[in-house]
Amino acid sequence: MTLRVRGSEKSGHRLRALAGWLALVLVVAPVMGGCSYFNKDNDLVPDTPADKLYNEGLFLLNNKQEYKEAAKKFDEVDRQNPYSDWARKALLMSAYSYYQAKEYTDCISSAQRYVTLHPGSPDAAYAQYLIGSSYYDQILDVSRDQARADKAISSLEEVTRKYPESEYATAAKKKIDMARDQLAGKEMEIGRFYMNKRDFIGAINRFKVVVTQYQTTRHVEEALERLTEAYVSLGIIDEAQTAAAVLGHNFPDSTWYKDAYQLVKTAGGEPNENKESWISKAFKKVGLG
């Protein structure tokens, strides 16, 4: 009869498992011997201290103006030390470095990550401003698609809405105004195209956008004159007179008003504002006229 020792069965299982593991090591070790883990010539370089990487990034940024290389250093801080205070600072510096390098997609990515991870940080306003500025700097001339102008306005309005007391709110407002001017210019370009095609309804719809949405831009004077011209061409003299009257009331010294005045006079009318006209209501809505 075989004598069984208590616990020997469990011990046997553990020994067999250990033996199997050792056999696996013996099989794998020769294969791994050619890898960098065991090759003295290819030993893994230990992580660089966060402060050293950060300062190297600052040196490349400030002294060398090597913005992309600086950004890589800051990205490495974030990779090696996630969620640390060094990573927080490096993430913002990464966004700034990419912005300086005109690598706007990377700048937006880093800045958006910063705002998401650190919404309550005093520097969140600047990160949001970098997002808006990155879109703003990519705005194309009015003959091209203006999707970036829309994104710039939306991102910069976040600065003025969430951080109205920050030092970046004023700069954001200025860029918003210029981006809106760009969008108005696009509408004017299309409106002029329709005018040349004698598609007066299509032209009116475009000039109406400028008058209702972008009336604080420099394009509104021309838009009112063009409306006067289009309405005269369609024989809608009442609206032509209103457009000319609103133009003269708000911009009496404008050369566009002189043209509008002559148009309605030639059509047998006078600049006369109809208070029920959409043009009159649009200007009263924002306190003009």
Side-chain angles (χ1 to χ4, degrees), residues 136-137 139-150 152-154 156-157 160 170-289:
Y136 178 84
D137 287 0
I139 294 176
L140 303 171
D141 64 82
V142 293
S143 65
R144 309 283 291 279
D145 179 70
Q146 296 299 306
R148 290 185 182 89
D150 281 320
I153 291 170
S154 177
L156 290 167
E157 283 179 341
T160 61
T170 300
K173 287 177 182 177
K174 290 180 180 179
K175 287 188 175 182
I176 289 169
D177 288 342
M178 288 186 279
R180 287 172 58 80
D181 193 87
Q182 188 80 357
L183 290 176
K186 182 65 176 180
E187 296 295 333
M188 292 301 301
E189 181 188 55
I190 299 172
R192 293 188 207 100
F193 171 80
Y194 285 136
M195 288 290 285
N196 290 334
K197 295 289 184 180
R198 300 188 66 77
D199 180 357
F200 300 116
I201 298 299
I204 287 169
N205 288 334
R206 292 296 179 168
F207 300 137
K208 184 175 183 178
V209 171
V210 178
V211 169
T212 56
Q213 297 182 29
Y214 305 115
Q215 59 187 249
T216 58
T217 70
R218 62 190 172 93
H219 297 284
V220 71
E221 297 175 39
E222 181 185 354
L224 286 167
E225 191 278 340
R226 298 290 184 181
L227 282 170
T228 304
E229 182 180 351
Y231 280 127
V232 165
S233 298
L234 291 172
I236 308 176
I237 305 304
D238 183 61
E239 289 289 68
Q241 292 181 135
T242 297
V246 170
L247 175 56
H249 183 73
N250 289 281
F251 312 99
D253 298 324
S254 171
T255 56
W256 292 109
Y257 173 58
K258 295 177 182 178
D259 293 340
Y261 180 85
Q262 190 60 44
L263 281 167
V264 293
K265 287 289 288 183
T266 301
E270 291 279 349
N272 184 38
E273 183 177 358
N274 178 358
K275 301 293 184 179
E276 297 303 312
S277 168
W278 69 265
I279 303 171
S280 181
K281 291 178 180 178
F283 271 75
K284 283 190 173 68
K285 189 175 181 180
V286 294
L288 296 178

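Values below: all heavy atoms of this structure, side chains included; hydrogens, waters and symmetry mates excluded. Because the structure is a prediction, the values reported are computed rather than measured.
- Going from atom OG1 of T242 over to atom CG of N274 covers 4.5 Å, rounded to the nearest 0.5 Å.
- When all heavy atoms of R180 and I153 are compared, the closest pair comes out as CG-CD1, 3.6 Å.
- Checked for salt-bridge contact, R192 and E189 miss the test: no charged N lies under 4.0 Å from a carboxylate O.
- Within the 3.5 Å criterion, the main-chain N or O of L140 finds a donor-acceptor partner in the side chain of Q182.
- A side-chain donor-acceptor contact under 3.5 Å links T266 to the backbone of Q262.
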Give the intermediate values and the outcome of side chain to side chain contact (heavy atoms under 4.5 Å, CB included) for residues V220 and N250. CA-CA 10 Å; V220 71; N250 289 281; over 6 Å; no
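- Using a 4.5 Å heavy-atom threshold, the side chains of I201 and Y194 count as separate.
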So I237 and V264, side chain to side chain contact (heavy atoms under 4.5 Å, CB included) or not? Walk me through it. CA-CA 7 Å; I237 305 304; V264 293; 5.9 Å; no
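- In this structure the side chain of L263 reaches within 4.5 angstrom of the side chain of E225, judged on heavy atoms.
- Using a distance-only test at 3.5 Å, with no hydrogens or angles considered, no donor-acceptor pair links the side chain of S280 to the main chain of E276.
- Using a 4.5 Å heavy-atom cutoff, the side chains of I236 and F200 are not in contact.
- Minimum interatomic distance between S254 and E221 (heavy atoms only, all atoms of both residues): OG-OE1, 2.7 Å.
- Of all heavy-atom pairs spanning R226 and M195, the tightest one is O-CE, 4.2 Å.
- A distance of 12.0 Å separates CZ in R206 from CE in M188, rounded to the nearest 0.5 Å.
- Residues passing the salt bridge (Lys or Arg N to Asp or Glu O under 4.0 Å) test with D181, sequence neighbours excluded: R218.
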Run the side chain to side chain contact (heavy atoms under 4.5 Å, CB included) test on E273 and V246 for me, step by step, so that the C-alpha distance in whole Å, both residues' side-chain angles and the decisive distance to 0.1 Å come before the verdict. CA-CA 7 Å; E273 183 177 358; V246 170; 4.0 Å; yes
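- Going from atom OG1 of T160 over to atom CD1 of I176 covers 4.5 Å, rounded to the nearest 0.5 Å.
- The minimum heavy-atom distance between K175 and Y136, with the atom names listed, is O-CE1, 3.5 Å.
- Taking the salt bridge (Lys or Arg N to Asp or Glu O under 4.0 Å) definition, one finds that E157 meets it with nothing, sequence neighbours left out.
- Here the NZ atom belonging to K173 is positioned 14.0 Å from the CE atom belonging to M178, to the nearest 0.5 angstrom.
- The two atoms that bring F251 and Y257 nearest to each other are O-CB, 3.9 Å, heavy atoms only.
- From E222, atom CD reaches atom CG of D259 across 10.0 Å, with rounding to the nearest 0.5 Å.
- Interatomic distance, W278 CH2 to T212 OG1, rounded to the nearest 0.5 Å: 6.5 Å.
- No donor-acceptor pair closer than 3.5 Å links the side chain of R148 to the backbone N or O of D137.
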Can you list the steps and then say if H249 with F283 is a side chain to side chain contact (heavy atoms under 4.5 Å, CB included)? CA-CA 11 Å; H249 183 73; F283 271 75; over 6 Å; no
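- Between W256 and L224 there is no side-chain heavy-atom pair separated by less than 4.5 Å.
- Contact record, L227 with A243: CB-CB, 4.2 Å, taken as the closest heavy-atom pair.
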